[in-house]
2 protein chains.
Amino acid sequence: MDTAEENLDQVALTLKLLGDKTRLTMVKLLEDQECCVCELVEIFKTSQPSISQHLRKLKDAGLVKENRKGQWIFYSVNRDHPQRDLIHGLISLLPSQKYQIEELEKKGLRISCG
Amino acid sequence: MDTAEENLDQVALTLKLLGDKTRLTMVKLLEDQECCVCELVEIFKTSQPSISQHLRKLKDAGLVKENRKGQWIFYSVNRDHPQRDLIHGLISLLPSQKYQIEELEKKGLRISCG
DNA sequence: TTATTATATAAGCATATAATTATATGCGCA
DNA sequence: TGCGCATATAATTATATGCTTATATAATAA
């Protein structure tokens with residue numbers, strides 16, 4: 001397979017991953033700040049396994065990275081992804097999700113560890 | 001649903017549609033020139049119904065438009081799509097597919113009508 | 001050590017998607 | 001009108017996806 005075709009394949013895979021509302025919102029959110037799984041469970045109002053499975057797909061594709069802090073695992077966007085320009089361009093067009101974090105803080109559910 | 005959430009939904013839908021190698025390549029190709037269904041069948045080396053079904057999805061989402069010329073129906077990118085900036089930004093990163101048209105011309109399979 | 005909390009993984013189910021096969025529609029021409 | 005080509009649609013099948021439930025792993029605290 002030549003480089004051009006490979007490129008098309010890889011872009012299609014990335015778009016397929018981001019063509020899911022939960023994952024798209026997740027990536028937008030994690031672009032601004034890292035979050036742990038339990039925060040995402042609260043934000044997306046869905047089950048913990050469901051969140052873990054979405055994160056796994058994003059991580060396998062290199063879109064996000066994880067960072068364990070004690071019992072928590074924090075996820076954030078991987079800014080070294082080969083398609084960084086594409087991804088950043090995309091999510092920059094999306095409405096900010098920072099209010100989600102503010103909501104968490106209001107409820108006292110924000111996890112922060114040095 | 002507020003505008004922001006709607007926006008996320010709509011972007012996710014568009015990305016899901018473009019998260020398929022055939023449709024992504026198709027849109028890139030149709031950005032540069034209009035093609036009829038039988039040309040796409042030849043280019044993608046797949047069945048005519050399969051191509052028609054992909055085109056239907058793209059048309060339903062407003063990503064492409066059709067233009068009947070006699071017995072042929074030519075498709076091209078709809079530059080009036082509400083997410084035109086997003087879509088154009090995406091496909092501008094993809095390798096040109098013009099060689100596909102050149103191949104068609106070499107084989108004498110290019111349909112051209114006034 | 002055991003218990004608790006956070007997260008991951010596995011298995012099962014329901015739904016969605018893409019491709020194929022068969023058939024229908026629409027247009028042009030004799 | 002009837003035939004042939006281009007395209008669309010319908011029905012079927014195979015596969016992929018996302019969610020749930022149940023269980024496993026990892027870290028911390030008692």
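Reminder, nothing fancy here: chain letters follow the sequence lines and each chain counts from 1. All figures in this text were calculated on a predicted structure; none of them were measured in a lab.
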Go nucleotide by nucleotide along DNA chain D from the 5' end; which of Ser47(A) and Ser52(B) gets its closest nucleotide reached first? Ser52(B)
Leu55(B) CG to dA6(D) P: how many Å, rounded? 16 Å
Are Arg56(B) and Asp60(B) within salt-bridge range, i.e. N to O under 4.0 Å? yes
Roughly how many Å is it from NZ in Lys45(A) to P in dC19(D), rounded to a whole number? 16 Å
Rounding to a whole Å, what distance do you find between Arg56(A):CZ and dA10(C):C1'? 12 Å
Does dA8(C) have OP1 or OP2 under 4.0 Å away from a side-chain N or O of Tyr75(A)? yes
Between dA19(C) (C1') and Ile51(B) (CD1): distance, integer Å: 11 Å
Can you see if the side chain of Arg23(A) gets near the phosphate of dG18(D) - specifically, an N or O under 4.0 Å from OP1 or OP2? yes
Please tell me which of the listed nucleotides, dT17(D), dT20(D), dA8(C), lies nearest to the side chain of Lys57(A)? dT17(D)
For dT17(C) and His54(B) - does any side-chain N or O of the residue sit under 4.0 Å from the phosphate oxygens OP1/OP2? no
Tell me what Lys16(B) touches on the nucleic acid: a base, only sugar-phosphate, or nothing, going by heavy atoms under 4.0 Å. sugar-phosphate
Length of the CG-C1' vector between Leu17(B) and dT17(C), whole Å: 12 Å
Looking at SG of Cys35(B) and CH2 of Trp72(B), how far apart are the two atoms once the value is rounded to the nearest 0.5 Å? 14.0 Å
Should Glu39(B) and Lys107(B) count as an ion pair when the cut-off is N to O under 4.0 Å? no
Just how far, in rounded Å, is C1' of dT5(C) from CZ of Arg68(A)? 11 Å
What nucleotide among dT7(D), dT20(C), dA22(D) has an atom nearest to a side-chain atom of Pro49(B)? dT20(C)
Measure CG/Leu109(A) against C1'/dA6(C) and give the value in whole Å, please. 15 Å
When the distance from CD of Gln71(B) to P of dG26(C) is rounded to whole Å, what number comes out? 16 Å
Consider the side chain of Trp72(B), meaning its heavy atoms from C-beta on, and name the nucleotide among dT20(C), dT7(D), dT9(C) that approaches it most closely. dT7(D)
Let's test your reading of the model: under 3.5 Å, does the base of dA6(D) pair with the side chain of Gln48(B) as donor and acceptor? no
Using a distance-only criterion (donor-acceptor N/O pair, under 3.5 Å, no hydrogens), is the base of dT20(C) paired with the side chain of Gln53(B)? yes
If the threshold is 4.0 Å, N to carboxylate O, is there a salt bridge linking Glu105(A) and Lys98(A)? no
I'd like to know if Glu34(A) pairs up with Lys65(A) as an ion pair, taking the criterion as any Lys NZ or Arg NE/NH1/NH2 lying under 4.0 Å from an Asp or Glu carboxylate oxygen. no
